[in-house]
Enquirer: 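Encoded as structure tokens, here's the structure I'll be asking about.
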Amino acid sequence: MNTVNLTCIGCPLGCQIEVMMGDDNEILLITGNTCPRGESYARKEVTAPTRIVTSSVRVYGSRTGERMVSLKTASDIPKDRIMDVIRDLRGVAVPCPVRIGDVLFKDVAGTGVDMIATKNVD
Amino acid sequence: MNKTDYDLIVIGGGPAGLAAAIGAYDAGEKNILILERDTRLGGILNQCIHNGFGLHTFQEELTGPEYAQRFADLVLERGIECRLDTMVVSVGTDAEGIKEVAAVNETDGLLRLRTRALILAMGCRERSRGALNIPGFRPAGIFSAGTAQRLVNIEGYLPGRRVVILGSGDIGLIMARRMTLEGAKVLVCAELMPYSGGLKRNIVQCLDDFGIPLRLSHTVVRIEGKERVEGVVLAKVGSDRKPIPGTEEHYECDTLLLSVGLLPENELTVGLGAEMSRVTGGPVVNESLETSVPGVFAAGNVLHVHDLVDYVSEEAKLAGESAAAYVRECREAEQAGTEKSRDRIPVGFSGGIRYTVPSSVDPGRVRHWIKFRFRVGEVMTNRRVVLSIDGESVLSRKRRVMAPGEMEELVLTKKVLDAHPDMKSLEIRIEEDN
């Protein structure tokens with residue numbers, strides 16, 4: 001059995017939630033939350049936390065002299081894969097022009113999720 | 001020959017300026033010019049590449065550049081004129097109340113423009129080291145969080161490898177994560193106050209996710225290094241916010257990021273002679289977001305610093321609609337030879353509220369509702385926000401928690417206002433909720 005401590009992000013209250021986990025990683029008890037939103041947040045955070053990853057990479061051939069284009073994962077990925085995604089983007093550069101929504105990298109770090117542009121660069 | 005006469009000029013092409021221009025256009029005024037000093041529209045959003053923007057406006061989570069592009073597209077679709085790379089150097093009014101705008105750019109040189117209405121949307125800038133009085137030399141490696149953000153996201157440089165962050169404002173938290181992802185080691189984030197100035201979401205996803213400690217009630221007491229930062233010394237502060245001797249801790253680092261507050265950028269506003277608020281650093285405005293200078297409106301971070309861009313867009317739309325209404329009134333007044341009268345009932349506040357926007361109300365000019373925005377001075381739990389007209393409570397809203405870092409809102413409907421036709425005073429106060 002172990003306990004996980006979380007800060008709820010549902011509202012400014014920022015409840016300190018304690019989740020008691022069983023030996024098979026099952027949730028035994030959630031305490032400290034003061035509303036149902038806190039419980040569902042805690043449930044997701046301890047079982048399958050995910051994040052959208054955003055970053056920026058170099059571009060070449062920009063008519064307007066831009067050096068970077070920003071990008072994001074098209075959907076959220078498991079939290080423990082964030083650094084893998086970032087590693088996969090090291091040292092790469094993409095050609096201009098780029099439009100918002102263009103797929104810049106397919107299946108980044110084997111997550112099954114694409115990286116898409118979040119900025120227009122001519 | 002360039003066009004010089006407009007009905008509305010908007011200073012600033014960031015989120016506030018764009019939403020204001022769209023608001024005015026959609027309210028029927030088409031003769032609009034946006035002046036932007038950067039090479040592209042969107043303002044600071046262009047460097048805010050993280051997501052979380054637009055939940056209220058578009059019901060989806062966008063990154064900053066995406067949010068900016070949505071609004072830029074709406075401006076371009078409407079054919080609203082924009083001049084980029086153009087910096088406004090002064091604004092004034094002539095005897096007839098026409099506003100004169102002087103601006104410069106590389107192709108036109110000095111531009112002298114005239115307009116009936118003016119919207120101030122210049123945003124804010126970061127408080128710098130000079131405002132903090134930290135002793136030490138002036139080595140390289142001290143950046144405001146926003147400067148570091150620009151260097152990493154726009155220019156593609158990593159400003160340092162071992163980083164200490166002073167201040168837990170949202171930009172500092174966002175940069176803690178960003179620099180970590182780019183390979184830097186963020187050692188600690190120190191906050192002078194006993195609570196963070198940033199959103200909970202950012203504490204969790206930018207610090208906790210990466211194991212970066214947040215030290216509340218701590219500050220930087222010394223910066224070491226002559227040519228480049230070599231280390232900083234943190235100390236715990238007491239309830240008087242003064243460092244406690246003996247609590248010093250040394251951190252070896254090459255970079256110090258400052259995220260210690262934002263200041264509305266109002267040199268032009270002051271030059272115009274508008275009445276200013278000492279609390280917000282922005283102009284004092286009425287229900288139409290009009291400053292003390294008739295026909296000059298303000299919205300976004302130039303007015304008061306916001307936490308969410310969605311609220312900036314909403315506020316700026318109102319400023320745009322108000323400016324359009326002002327232009328219409330000017331035309332009608334010229335034809336009829338009489339001006340519509342103005343009323344000005346001050347908005348009082350108490351119980352821990354630091355300021356309200358707007359700070360005065362003309363009930364006759366409220367269309368459907370009026371949204372008061374305000375901040376509290378300290379963290380409070382289990383309170384009520386009560387609005388009273390002539391001493392009678394007309395609105396009461398429960399708040400489980402209020403914090404200085406989260407802007408509060410209270411909506412007063414026209415229906416309630418209309419039930420008090422001869423109102424003399426209006427007050428918002430915070431009470432204990434038992």
Side-chain angles (χ1 to χ4, degrees), chain A residues 4-17 34-35 38 41-42 45 49-60 62 64-76 79-80 82-91 93 98-101 116-122, chain B residues 39-40 42 45-53 61-70 72-73 149-157 174 177-178 180-183 195-196 199-210 214 307 379-382 399-408:
Chain A
V4 180
N5 294 299
L6 300 168
T7 304
C8 183
I9 64 168
C11 84
L13 208 52
C15 290
Q16 294 298 314
I17 304 179
T34 47
C35 79
Y41 170 74
E45 275 297 286
T50 61
R51 300 284 187 268
I52 296 273
V53 178
T54 64
S55 189
S56 56
V57 296
R58 286 194 187 283
V59 292
Y60 55 88
S62 168
T64 49
E66 302 263 358
R67 298 164 55 90
M68 308 291 285
V69 63
S70 52
L71 72 183
K72 68 176 180 185
T73 50
S75 60
D76 40 3
K79 186 180 137 186
D80 57 10
I82 294 175
M83 289 319 281
D84 298 335
V85 168
I86 292 295
R87 252 189 301 277
D88 228 27
L89 297 177
R90 288 260 154 87
V98 176
R99 311 313 291 173
I100 288 175
I116 58 174
T118 59
K119 184 179 177 181
N120 294 338
V121 182
D122 291 319
Chain B
T39 51
R40 67 194 295 160
L45 285 175
N46 286 318
Q47 69 182 53
C48 301
I49 65 165
H50 53 282
N51 71 317
F53 301 90
E61 280 197 48
L62 301 173
T63 63
E66 291 173 297
Y67 188 97
Q69 194 60 49
R70 297 251 175 132
D73 287 344
Q149 190 178 43
R150 185 179 170 90
L151 288 170
V152 175
N153 295 342
I154 307 278
E155 314 286 343
Y157 298 112
I174 292 288
R177 172 174 63 187
R178 189 76 192 104
T180 303
L181 292 181
E182 289 302 325
Y195 50 82
S196 162
L199 300 172
K200 279 280 177 275
R201 169 201 172 95
N202 286 336
I203 306 268
V204 171
Q205 298 192 350
C206 300
L207 297 184
D208 297 355
D209 273 8
F210 300 95
L214 172 62
D307 321 313
V379 179
M380 305 180 191
T381 51
N382 296 321
R399 291 284 192 279
R400 295 203 38 213
V401 63
M402 292 189 285
E406 313 250 353
M407 191 184 284
E408 290 288 331

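Just so we're on the same page: letters track the sequence lines, and every chain starts at 1. If you're wondering where the values come from, they're calculated on a predicted model, not measured in any experiment.
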Enquirer: Per the side-chain contact (heavy atoms from CB on, under 4.5 Å) rule, which among I154(B), T63(B), N153(B) passes with K119(A)?
Expert: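 When I154(B), T63(B), N153(B) are each tested with K119(A), the side-chain contact (heavy atoms from CB on, under 4.5 Å) holds only for I154(B).
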Enquirer: Below 4.5 Å from any heavy atom of chain B, which atoms of T64(A) appear? Answer side chain, backbone, both or neither.
Expert: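 Neither part.
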Enquirer: Does the side chain of M68(A) reach to within under 4.5 Å of the side chain of I49(B), using non-hydrogen atoms?
Expert: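 The answer is no, as the side chains (C-beta and beyond) never meet within the 4.5 Å cut-off.
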Enquirer: In sequence, state the C-alpha distance, the side-chain angles, and the governing distance for R178(B) and S56(A), and then conclude on side chain to side chain donor-acceptor pair (under 3.5 Å).
Expert: CA-CA 10 Å; R178(B) 189 76 192 104; S56(A) 56; 3.1 Å; yes
Enquirer: Looking at side-chain heavy atoms only, is the closest gap between K72(A) and E61(B) below 4.5 Å?
Expert: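 A side-chain contact is absent here, since even the closest heavy-atom pair is not under 4.5 Å.
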Enquirer: For the residue pair T7(A) and D208(B), establish whether any side-chain heavy-atom pair is separated by less than 4.5 Å.
Expert: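 Yes, side chains in contact.
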Enquirer: Distance from E66(B) atom CD to T54(A) atom OG1, nearest 0.5 Å?
Expert: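 So the CD of E66(B) and the OG1 of T54(A) are separated by 10.0 Å.
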Enquirer: Sort out for me which of Q205(B), Q47(B), E182(B), R201(B) touches chain A most, counting heavy-atom pairs under 4.5 Å.
Expert: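 Looking at each option in turn, the highest pair count goes to Q205(B).
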Enquirer: Counting heavy-atom pairs under 4.5 Å to chain B, which of R87(A), R58(A), E45(A) comes out on top?
Expert: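 Winner by heavy-atom pair count: R58(A).
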Enquirer: Which heavy atom in T118(A) sits nearest to a heavy atom in P65(B), and how many Å separate them?
Expert: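 Looking at all heavy atoms of both residues, the shortest contact is O-CB, 3.2 Å.
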Enquirer: Given the options E155(B), R177(B), Q69(B), H50(B), which has more heavy-atom pairs under 4.5 Å with chain A than any of the others?
Expert: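 Most heavy-atom pairs under 4.5 Å with chain A: E155(B).
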Enquirer: Any non-hydrogen side-chain atom of L181(B) less than 4.5 Å from a side-chain atom of I82(A)?
Expert: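 A side-chain contact under 4.5 Å exists here.
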Enquirer: Can you tell me which portion of V152(B) sits under 4.5 Å from chain A's heavy atoms? Options are side chain, backbone, both or neither.
Expert: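 Interface part for V152(B): backbone (N, CA, C, O).
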Enquirer: Side chain, backbone, both or neither: which part of T39(B) has a non-hydrogen atom closer than 4.5 Å to chain A?
Expert: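 It is neither, since no heavy atom gets under 4.5 Å.
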Enquirer: Give the minimum heavy-atom separation between R40(B) and N120(A), together with the two atoms involved.
Expert: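 Result for this residue pair: NH2-O, 2.9 Å.
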Enquirer: Quick check for you: to the nearest 0.5 Å, what is the distance between D76(A) atom CG and N51(B) atom CG?
Expert: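 Atom-to-atom, D76(A):CG and N51(B):CG are 9.5 Å apart.
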